[in-house]
Amino acid sequence: MGAETPRTNNDPAGDDGTFMSESAPMNRTLRMEIQSDPAELKSVRVEVESFARALGMTEHAAGKVVLAMDEALTNIIRHAYDGAADRPIEIDLAVRDACLHVTLRDYGRQAPRATIHSRDLSDVRPGGLGVHIMTKCMDSVDYQPAPDGGTTLIMTKSLRDSDNERTNGPCHD
Amino acid sequence: MGAETPRTNNDPAGDDGTFMSESAPMNRTLRMEIQSDPAELKSVRVEVESFARALGMTEHAAGKVVLAMDEALTNIIRHAYDGAADRPIEIDLAVRDACLHVTLRDYGRQAPRATIHSRDLSDVRPGGLGVHIMTKCMDSVDYQPAPDGGTTLIMTKSLRDSDNERTNGPCHD
Amino acid sequence: MTDSPIQTITWEGKVAVASIAGDIDLHRSAALQQGLLGLLDEQPQKVVVDLSAVPYMDSSGVASLVKLLSRTRKLGVALVLLSPSPKVRSILEITRLDSVFTITDSKQEATA
Amino acid sequence: MTDSPIQTITWEGKVAVASIAGDIDLHRSAALQQGLLGLLDEQPQKVVVDLSAVPYMDSSGVASLVKLLSRTRKLGVALVLLSPSPKVRSILEITRLDSVFTITDSKQEATA
Ligand SMILES: Nc1ncnc2c1ncn2[C@@H]1O[C@H](COP(=O)(O)OP(=O)(O)O)[C@@H](O)[C@H]1O
Ligand SMILES: Nc1ncnc2c1ncn2[C@@H]1O[C@H](COP(=O)(O)OP(=O)(O)O)[C@@H](O)[C@H]1O
């Protein structure tokens with residue numbers, strides 16, 4: 001908490017005024033720094049579910065955010081960090097314009113963007129499901145290689161319409 | 001989430017290794033920016049309770065953190081902002097060294113530190129209970145006038161021993 | 001939660017039972033206090049404040065109850081708090097008002 | 001949650017019922033897969049995976065089940081998933097495996 005100039009946010013409704021009740025969440029941020037240890041996943045799920053539910057998301061919508069994050073973290077552990085359990089992952093959940101923005105930052109191997117995509121599901125085999133699940137559960141999923149190494153993954157989900165199944169919500173950056 | 005140098009935290013146990021299980025929370029931060037509107041209090045309580053419970057605090061201990069924060073926010077609204085409902089308050093909850101650190105920042109009138117204290121409870125009258133409650137519920141409560149105006153209030157509560165009634169826990173800064 | 005904290009007022013003879021609902025904090029304590037003090041104009045012999053549906057109360061809610069207590073004492077009206085939830089009981093204990101108020105979990109005892 | 005995901009294995013004739021418990025994620029899916037595949041060495045005619053006590057499963061758990069499915073198919077062993085919770089059912093639907101697996105909520109039907 002720095003000593004920035006105070007900001008008075010008179011617009012809890014975002015930019016079009018349709019957002020929820022008078023006590024709607026305005027600026028909420030949850031941050032976690034974890035190690036790339038699969039044993040951490042459970043604790044992240046608990047914390048994220050609580051945060052999303054407290055924002056007013058339905059159990060169903062919160063469950064999708066939790067699943068998408070779990071899949072993304074699993075991929076970071078397995079692919080970016082090759083299974084090493086002691087590397088850092090930074091997790092940031094923030095509410096902006098009635099959207100939940102999930103940012104995951106790793107410092108591991110960058111994947112060529114083309115390799116990260118969902119596959120043909122009619123071919124029944126183990127694996128290759130994570131990216132498909134992430135795009136199904138969130139409104140947007142975007143991988144950005146960081147200039148100084150590692151990757152920033154940003155996923156968004158609308159709080160307005162959070163039970164919606166659509167893969168392209170209004171939350172694109 | 002900046003592009004800082006990655007930090008590898010190999011010591012989830014804090015500095016003495018006694019802290020909880022292998023999946024104990026390490027670095028968790030919850031931030032909220034609210035307006036000084038009493039209608040916001042409910043939503044803050046919901047979010048804080050979820051966060052504290054997800055950290056592994058008991059319902060009882062989480063309830064105390066929630067109550068202390070509610071009292072502190074009520075005082076900021078009433079005393080620092082004289083009841084104005086549109087002024088900013090920044091809320092920050094962070095876990096460090098197995099302690100929950102709650103920081104509340106306002107940009108209102110600073111109180112001379114001597115005026116903020118608990119009173120003789122045997123005198124039964126309405127009011128004058130908030131500061132007493134805060135010190136009862138937390139391990140430490142510390143008001144710091146900010147050089148650029150307003151006040152930073154820091155309250156701490158141990159996660160190790162979070163059901164303890166003592167007013168002086170191990171969480172002093 | 002912006003609706004009135006006093007859900008219902010029922011009379012059993014000269015005993016008024018005010019049933020409170022929802023969290024009582026700075027957002028709702030003024031309305032609670034106004035409603036409870038207003039009830040005294042009806043000249044009850046006893047006021048029972050049913051707190052069973054109040055999951056949470058902070059010091060602003062407690063202050064409203066203390067205000068009611070001192071007013072009832074002046075008027076010679078009895079006051080009973082009925083079935084406070086664990087959290088409400090806890091703030092009454094922390095502020096050492098649990099021994100100042102008459103508190104019971106029995107509706108029958110409260111309205112007797 | 002670091003304990004074995006397979007709580008119990010009970011046999012009803014040549015039908016093996018494996019009861020799974022707890023969240024199945026990257027932390028526990030390898031142990032699940034190993035346990036389930038190991039069960040095939042006992043030459044069951046049918047394997048029933050009781051998922052009723054699994055509140056949550058991610059794609060690594062699903063992968064373990066798919067691995068088991070292809071192995072059982074090769075061996076001519078029947079495989080049934082019993083009573084997946086809503087969240088587990090949901091991930092099977094998202095990955096379109098709900099029609100690939102035999103799923104039932106009836107223990108009797110599963111073990112028949
Ligand atoms: N965080 C990541 N870093 C590097 N590569 C990744 C990452 N996430 C996914 N990938 C690549 O995308 C592919 C598809 O991922 P996914 O759908 O989760 O299936 P799986 O992980 O089972 O292969 C992976 O095989 C991997 O090549
Ligand atoms: N955030 C604050 N800013 C300025 N003054 C404060 C603040 N919090 C408390 N005070 C001062 O401390 C006194 C005691 O506070 P409290 O115990 O909560 O009782 P009450 O608010 O009912 O007076 C207040 O009357 C006020 O003078």
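We name chains A, B, ... by the order of the sequence lines, and we start the count at 1 in each one.
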S.K.: Using non-hydrogen atoms only, which part of A/R45 is less than 4.5 Å away from chain D: side chain, backbone, both, or neither?
M.R.: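 Contact with chain D is through the side chain of A/R45 alone.
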S.K.: Please determine if A/D106 and A/R87 form a salt bridge, counting it only when a charged side-chain N lies under 4.0 Å from a carboxylate O.
M.R.: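 No, this pair does not count.
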S.K.: When heavy-atom pairs shorter than 4.5 Å are enumerated against chain A, which of D/T95, D/V100, D/I91 gives the highest number?
M.R.: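 The answer is D/T95.
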S.K.: Can a salt bridge be assigned to the pair D/D105 and D/R89 using a cut-off of 4.0 Å between side-chain N and carboxylate O?
M.R.: yes
S.K.: When you compare the side chains of A/E71 and D/S59, does any donor N or O come within less than 3.5 Å of an acceptor on the partner?
M.R.: yes
S.K.: With only heavy atoms counted, which part of D/S70 is less than 4.5 Å from chain A, the side chain, the backbone, both or neither?
M.R.: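 Contact with chain A involves no heavy atom of D/S70 at all.
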S.K.: For the interface with chain D, which of A/L129, A/V66, A/T74, A/D70 has the highest count of heavy-atom pairs at distances below 4.5 Å?
M.R.: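 Ranked by contacts with chain D, first place is A/D70.
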S.K.: Pick one of side chain, backbone, both or neither for A/I77, based on which atoms fall under 4.5 Å of a heavy atom in chain D.
M.R.: side chain
S.K.: Going by atom types only, do A/Q144 and A/D142 share a side-chain donor-acceptor pair under 3.5 Å?
M.R.: yes
S.K.: Side chain, backbone, both or neither: which part of D/K87 has an atom under 4.5 Å from a heavy atom of chain A?
M.R.: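 Side chain only.
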S.K.: Are a donor atom and an acceptor atom from the side chains of D/S83 and D/S52 found within less than 3.5 Å of each other?
M.R.: no
S.K.: Taking atom types as modelled, find out whether A/E90 and A/Y107 have a side-chain donor-acceptor pair closer than 3.5 angstrom.
M.R.: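 Judged by distance alone, the side chains do pair up.
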S.K.: Out of A/L73, A/L67, A/V124, A/I133, return the one with the most heavy atom pairs under 4.5 angstrom to chain D.
M.R.: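 Result: the option with the highest number of such pairs is A/L67.
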S.K.: Taking side chain as everything from C-beta outward and backbone as N, CA, C, O, which of these in D/L65 sits under 4.5 Å from a heavy atom of chain A? Side chain, backbone, both or neither.
M.R.: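 Neither part; nothing is under 4.5 Å.
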